[in-house]
J.: 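Quick one: the structure is below, questions incoming.
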Amino acid sequence: MSDVARRLADVRRGIERACERAGRDPEEVTLVGVTKTVDADTIRQAIDAGLAHLGENRLQEAVPKMRALSDRAPVWHFIGHLQRNKARRAVELFDRIESVDSLRLGRALDEAADEIGRELRVFVQANVGGEESKHGVALDEIPALVDELERLPRLTVVGLMTIPPPRDDRERTRADFREIAGLFRSLARERPALQHLSMGMSADYEIAIEEGATEVRVGRTIFGERRG
Ligand SMILES: *Cc1c(COP(=O)(O)O)cnc(C)c1O
C-alpha cells in the first residue's frame with residue numbers, strides 16, 4: 001500500500017469515528033482531497049485508493065493535473081478565490097465552484113455556463129471569522145445572496161462553504177462551525193437544493209463533522225506537508 005493510500009485510509013477512519021460520535025452515517029460525508037501543490041502521480045495513487053473528489057484553489061495549477069488525470073474522471077471542486085475574469089475558464093474546467101462570494105461573480109459564472117451550455121452547481125462561501133478571515137460573505141448577507149443567485153438560470157446553489165480563521169482554542173473553532181451550521185440548516189429547510197455544508201480541513205475535520213459538515217476538504221493529512 002502506498003503512503004498516500006495509507007493516509008487516506010486513516011482519514012476515512014477519522015471520518016467514521018466523528019460520525020459515530022455524532023450519530024451520523026459516514027455516507028453523508030464527502031471527502032474532498034485538496035491537491036494544491038501535489039503532483040499528478042501522487043494524486044493518481046489517491047484516486048486509485050478510492051478518492052473520488054478533488055479540490056484545487058488555483059486554475060493555472062489545476063489545468064495540467066486535470067489533463068494528466070482525465071482518464072480517471074474525478075469530480076473537481078474549485079475552492080480558491082475566483083476573479084470574475086477567470087469565471088469562464090473555471091466553468092470549463094470544474095464540476096463545482098465552492099467560492100462564490102458575490103452576485104457579480106455569480107452572474108459571470110452564469111453567463112459562462114450559458115455560453116458553454118451547461119448547468120453549474122455552486123457553493124456560497126461564508127465568512128464566519130469576521131475580520132480575521134479574508135474571504136466570504138457575512139452571515140447576515142447570505143440568505144439574500146443565495147436567493148439572488150438562485151434566480152440565475154444556469155446556477156444552482158447546492159451548498160455553503162467556509163474556512164474559519166485559525167484559532168488556538170478548538171472550542172472556538174467548534175463555535176464557528178456551529179454558527180454556520182445553524183444558518184445552513186435554517187436556509188436548507190426552505191431550499192431543497194441546498195444540501196452541502198463544506199467545512200473542516202486537516203486540523204479540524206472531525207469537529208466539523210460533529211457539527212454537521214457534509215463535505216470536508218483535507219489536504220496535508222492525506223498528501224503530506226506542502227513545501228513552500
Ligand atoms: C488548502 C485548503 C484546504 C486543505 O487544507 P489542509 O490543511 O491541507 O487540510 C481546504 N480548503 C481550502 C479552501 C484550502 O485552500
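Whatever order the structure lists them in is the order used to number ligands and atoms, beginning at 1.
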J.: Starting from atom 10 (C) of ligand 1, what is the nearest protein heavy atom, named by residue and atom, and what distance separates them?
T.: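 Answer for atom 10 (C) of ligand 1: Met201 SD, 3.1 Å.
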J.: Relative to the heavy atoms of Arg220, which atoms of ligand 1 are at a distance of less than 4.0 Å?
T.: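 Counting atoms of ligand 1 from 1, those under 4.0 Å from Arg220 are 6 (P), 7 (O), 8 (O), 9 (O).
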J.: Taking Asp48 first and then Arg72, would you say they form a salt bridge - that is, a charged N and a carboxylate O separated by under 4.0 Å?
T.: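 Salt bridge flag = yes for Arg72 with Asp48.
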J.: Among all protein heavy atoms in this structure, tell me which lies nearest to atom 14 (C) of ligand 1, with the distance rounded to 0.1 Å.
T.: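 Here the nearest protein heavy atom works out to Lys36 NZ, 3.0 Å.
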J.: Output yes when Glu206 and Arg17 qualify as a salt bridge under the 4.0 Å nitrogen-oxygen rule, no when they do not.
T.: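 Yes, this pair counts.
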J.: Between Thr35 and Glu56, is any side-chain donor less than 3.5 angstrom from a side-chain acceptor?
T.: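 The answer is yes; a qualifying pair exists.
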J.: Can you confirm whether Arg118 is buried at CZ, in the sense that more than 12 heavy atoms of other residues, nucleotides or ligands lie under 6.0 Å from that atom?
T.: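 Yes - once you tally the heavy atoms of other residues, nucleotides and ligands closer than 6.0 Å, there are more than 12.
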J.: Which atoms of ligand 1 sit under 4.0 Å from any heavy atom of Val218?
T.: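 By the 4.0 Å cutoff, the relevant atoms are 9 (O).
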J.: Parallel, tilted or perpendicular, judged at 30° and 60°: which one describes the rings of His81 and His135?
T.: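 His81 and His135: parallel rings.
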J.: Under 4.0 Å from any heavy atom of Ile163, which atoms of ligand 1 are there?
T.: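 Every atom of ligand 1 under 4.0 Å from some heavy atom of Ile163: 13 (C).
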J.: Strictly by modelled atom types, are Glu215 and His196 linked by a side-chain donor-acceptor pair under 3.5 Å?
T.: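 Their side chains do not contain a donor-acceptor pair, so the 3.5 Å distance test is not met.
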J.: Record the part of Ile79 in heavy-atom contact with ligand 1 below 4.0 Å; permitted values are side chain, backbone, both and neither.
T.: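 Under 4.0 Å from ligand 1, Ile79 contributes backbone and side-chain atoms.
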J.: Does an N or O anywhere in Gly219 fall below 3.5 Å from an N or O of ligand 1?
T.: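 Between Gly219 and ligand 1, an N or O pair is found under 3.5 Å apart.
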J.: List ligand 1 atoms under 4.0 Å from Arg217, heavy atoms only on the residue side.
T.: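 Checking each atom against Arg217, I get 4 (C), 9 (O), 10 (C), 11 (N), 12 (C), 13 (C).
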J.: Determine whether any heavy atom of Arg226 lies closer than 4.0 Å to an atom of ligand 1.
T.: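 Within the 4.0 Å threshold, so yes.
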J.: Run the numbers for me: atoms of ligand 1, each under 4.0 Å from some heavy atom of Ser202, listed by number.
T.: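 Close to Ser202: 6 (P), 7 (O), 8 (O), 9 (O).
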J.: Going by heavy atoms in the side chains, are Leu109 and Leu152 under 4.5 Å from each other?
T.: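 With C-beta onward as the side chain, the pair stays apart.
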J.: Does Arg13 pair with Glu16 as a salt bridge, N-O distance under 4.0 Å?
T.: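 Judged by the 4.0 Å cut-off on N to carboxylate O distance, Arg13 and Glu16 do not form a salt bridge.
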J.: Determine, using heavy atoms of Thr221 and all atoms of ligand 1, whether some pair is separated by less than 4.0 Å.
T.: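 No.
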